[in-house]
Amino acid sequence: MSKENEKHHTHWQLLLQIVFTVGILFWLLHNTNWQELGQRFADMRPLWFVAAVLSYAMNLSVSAIRWRIILTAMERSAPMLWLLRLNWVGAYFNQILPGSVSGDVIRAWYTRHQTHSMPLALAAVFGDRFMGLGALIAIAAVAFVLGGARVGLLPQMGWTIGILVFAYVLIVFLILSPLLNFLEKFAGKLGEKLHDIRLGMGALLRHRLALSGTIVLSFVVQFFSILTFWLLARALGEAPDAVAVWVVWPVISLFLALPISFAGWGLREGLMVFYLSYLHMGHEQALALSLLLGFTVVLTSLPGALLWIGLHRHHQAPPDLKIPPSSR
């Protein structure tokens, strides 16, 4: 794909994301009792909200440790504070750039110096994201099995989780299997990059100690995500159903990885109202919770904007970013 075509593709993707986000939010808000929605925010308990912000901050911090372990498995290294800073910067850019993984590309771009190649940097970031998704799928699957009759209220949830489990296992198989080697040979430079990414991910999946560490930390990271959801529900005076906490929210988090809305807005609200309605939570209750979740993510990610300032001059940044524009 030429640069011009790629630019047009990006513009169309952004336009579709905005249309999707605005359309879903308009439909939801059109069917909302604004007075009741506003009253829920007016009655919000601030201490619970502050606890939720701290919980999400822990989510971002612990995931930086997981990222460093993945780099170690690939025989690469980077200072912990550098990765923590980039994690916050990435979280910020996930909120202001199109696509659900824009911040991941930023993280890979700024660690390509430590990994000695952009494909390996992408592999490390992909591994970080991939392990987190795996923990979410595992939590949702186990909670669904143990959820009893309540999970039966959720339409097609068993099929949804089953498909997610199958897709995840298939991706792991393709990473470790030599079946894709023939595709890499015919894909030119793209094939070479794909080869490096698969090598990096394969190194992680075969490194027992690093893999064990990332699995444990992935569950810790997702615990803080689920805790954030529960704390925000409590901030709004809700006592969320266990199925909502351990099944619905993990599944919604998985769908938010899809690049079909702007920073997850609209998609999160639509799914939240849809699923929680089957657990007898009202439209305004579910919408208020979803909007508060989105606001919490944005608020907690804002320090990333400050941490981004001067990032290209940091001694850990790739050398080519430190060259003054007039010298290039």
* To do: Would you check, one step at a time, whether the test side chain to side chain contact (heavy atoms under 4.5 Å, CB included) holds for V251 with M157?
  => CA-CA 9 Å; V251 168; M157 183 58 78; 3.8 Å; yes
* About how many Å separate CD of Q156 and CD1 of I161, when rounded to the nearest 0.5 Å? -> 12.0 Å
* Using side-chain contact (heavy atoms from CB on, under 4.5 Å) as the criterion, list what pairs up with A135, not counting sequence neighbours. => S218, F219, Q222
* Without swapping roles, check the side chain of R85 against the backbone of L307 for a donor-acceptor pair under 3.5 Å. => yes
* Looking only at heavy atoms, what is the nearest atom pair of H207 and A210, with distance? -> ND1-N, 3.1 Å
* To do: Quick one: list whatever passes salt bridge (Lys or Arg N to Asp or Glu O under 4.0 Å) with R107, sequence neighbours left out.
  => D104, D128
* To do: Ignoring hydrogens and angles, state whether a donor on the side chain of N94 or S301 is under 3.5 Å from an acceptor on the partner side chain.
  => no
* **Expected output: side-chain S117 to main-chain L120 donor-acceptor under 3.5 Å** => yes
* Asked: Can you check whether A286's main-chain N or O pairs, donor with acceptor, with S290's side chain at less than 3.5 Å?
  -> no
* Asked: Does a side-chain heavy-atom distance below 4.5 Å link M58 with V221?
  -> no
* **Geometric class of the Y110/W82 ring pair [parallel <30°, tilted 30-60°, perpendicular >60°]** => perpendicular
* Any side-chain heavy atom of Q95 within less than 4.5 Å of one from V297? -> yes
* **Within 6.0 Å of CZ in F41, more than 12 heavy atoms from elsewhere** => yes
* Are the side chain of R129 and the backbone N or O of F126 linked by a donor-acceptor pair below 3.5 Å? -> no
* Using modelled atom types only, decide if a donor and an acceptor are shared between the side chain of W34 and the backbone of L29 within a distance under 3.5 Å. => yes
* Asked: Would the number of heavy atoms belonging to other residues, nucleotides or ligands and lying under 6.0 Å from CG of L170 be above 12?
  -> yes
* **Minimum heavy-atom distance L133-A257, with the two atoms named** => CD2-CB, 4.4 Å
* Flag the pair L86 / L311 as yes when at least one side-chain heavy-atom distance between them is below 4.5 Å, and no otherwise. => yes
* Check whether W159 and V165 end up in the same hydrophobic cluster, where Ile, Leu, Val, Met, Phe, Trp and Tyr are linked by side-chain heavy atoms less than 4.5 Å apart. => no
* side chain to side chain contact (heavy atoms under 4.5 Å, CB included) between L25 and E269: does it pass, once the steps are laid out? -> CA-CA 7 Å; L25 288 176; E269 285 68 41; 3.9 Å; yes
* **Y92 with L299, same ILVMFWY side-chain cluster at under 4.5 Å** => yes
* Asked: For E36, which residues count as a salt bridge (Lys or Arg N to Asp or Glu O under 4.0 Å) partner, sequence neighbours excluded?
  -> R40
* Flag the pair W67 / T111 as yes when at least one side-chain heavy-atom distance between them is below 4.5 Å, and no otherwise. => yes
* **Contacts of type ring-ring contact (aromatic ring centres under 6.0 Å, His included), residue W308, not counting sequence neighbours** => F93
* Check: T115 main-chain N/O paired with R76 side-chain donor or acceptor under 3.5 Å -> yes
* Asked: Got a second to check how far Y275's OH is from F255's CZ, nearest 0.5 Å?
  -> 5.0 Å
* Structure fact -> Shortest non-hydrogen pair, A78 vs Q114, comes out as CB-CG, 3.7 Å
* Asked: Going through the checks in order, is the side chain to side chain contact (heavy atoms under 4.5 Å, CB included) test met by M272 and L293?
  -> CA-CA 11 Å; M272 195 82 79; L293 271 162; 3.3 Å; yes
* What are the two closest non-hydrogen atoms of R66 and G132, and how far apart are they? -> NH1-CA, 3.5 Å
Indicate every side-chain donor-acceptor pair of residues 42-55 with a distance under 3.5 Å to a residue at least two apart or in another chain.
{"residue": "D43", "atom": "OD1", "partner": "Q39", "partner atom": "NE2", "Å": "3.0"}
{"residue": "D43", "atom": "OD2", "partner": "Q39", "partner atom": "NE2", "Å": "3.1"}
{"residue": "S55", "atom": "OG", "partner": "F224", "partner atom": "O", "Å": "2.9"}
{"residue": "S55", "atom": "OG", "partner": "T228", "partner atom": "OG1", "Å": "2.9"}

* Pairing residues for L16 by the side-chain contact (heavy atoms from CB on, under 4.5 Å) criterion, not counting sequence neighbours -> none
* **Student check: side-chain heavy atoms of I215 and M131 closer than 4.5 Å** => yes
* Asked: Under a 4.5 Å cut-off applied to non-hydrogen side-chain atoms, are L267 and I260 in contact?
  -> yes
* Asked: Is it the case that one hydrophobic cluster holds both I252 and L258, taking links as side-chain heavy atoms less than 4.5 Å apart, direct or via other members?
  -> yes
* When rounded to the nearest 0.5 angstrom, what distance separates CE in M74 from OG1 in T72? -> 10.5 Å
* Structure fact -> Residue set satisfying ring-ring contact (aromatic ring centres under 6.0 Å, His included) with Y168, at least two apart, ordered chain then number -> F130
* List for me each residue that meets ring-ring contact (aromatic ring centres under 6.0 Å, His included) alongside Y278, sequence neighbours excluded, and say none if there are none. => F274
* Please determine which of F223, Y56, W246, W249 meets the ring-ring contact (aromatic ring centres under 6.0 Å, His included) test together with F229. => W249
* To do: Flag the pair S261 / I24 as yes when at least one side-chain heavy-atom distance between them is below 4.5 Å, and no otherwise.
  => no
* State whether the side chain of H283 and the backbone N or O of L28 hold a donor-acceptor pair below 3.5 Å, judged by distance alone. => yes
* Any chain of hydrophobic side-chain contacts (each under 4.5 Å) joining W27 to V273? -> yes
* Indicate whether any N or O donor in one side chain lies under 3.5 Å from an N or O acceptor in the other, for T300 and W88. => no
* **Interatomic spacing from CG in L60 to CG in N87 - rounded to 0.5 Å** => 6.0 Å
* With sequence neighbours excluded, tell me which residues meet ring-ring contact (aromatic ring centres under 6.0 Å, His included) with F295. => none
* Same cluster for L302 and L291 if Ile/Leu/Val/Met/Phe/Trp/Tyr side chains link at under 4.5 Å? -> yes
* Structure fact -> Applying side chain to side chain donor-acceptor pair (under 3.5 Å) to H113 and not counting sequence neighbours gives none
* Inter-residue atom distance L71.CG - L83.CG, 0.5 Å rounding -> 6.0 Å
* Could you tell me the separation between the CG atom of L231 and the CG atom of L227, rounded to the nearest 0.5 Å? => 4.0 Å
* Answer yes or no: is there a side-chain heavy-atom contact under 4.5 Å between I70 and V125? => no
* Is a side-chain donor or acceptor of T21 paired with a backbone partner of W265 at a separation under 3.5 angstrom? -> yes
Which atom pairs, one a donor and one an acceptor, fall under 3.5 Å between side chains of residues 136-155 and the rest of the protein, sequence neighbours left out?
{"residue": "R150", "atom": "NE", "partner": "D241", "partner atom": "OD2", "Å": "2.9"}
{"residue": "R150", "atom": "NH2", "partner": "D241", "partner atom": "OD2", "Å": "2.4"}

* **Test item: R268 side-chain N/O and L256 main-chain N/O as donor-acceptor pair under 3.5 Å** => no
* **Remaining members of the apolar cluster that contains I309, side-chain heavy atoms under 4.5 Å** => L306
* Asked: Quick check: does any side chain N or O of Q17 sit under 3.5 Å from a backbone N or O of P259, one acting as donor and the other as acceptor?
  -> yes
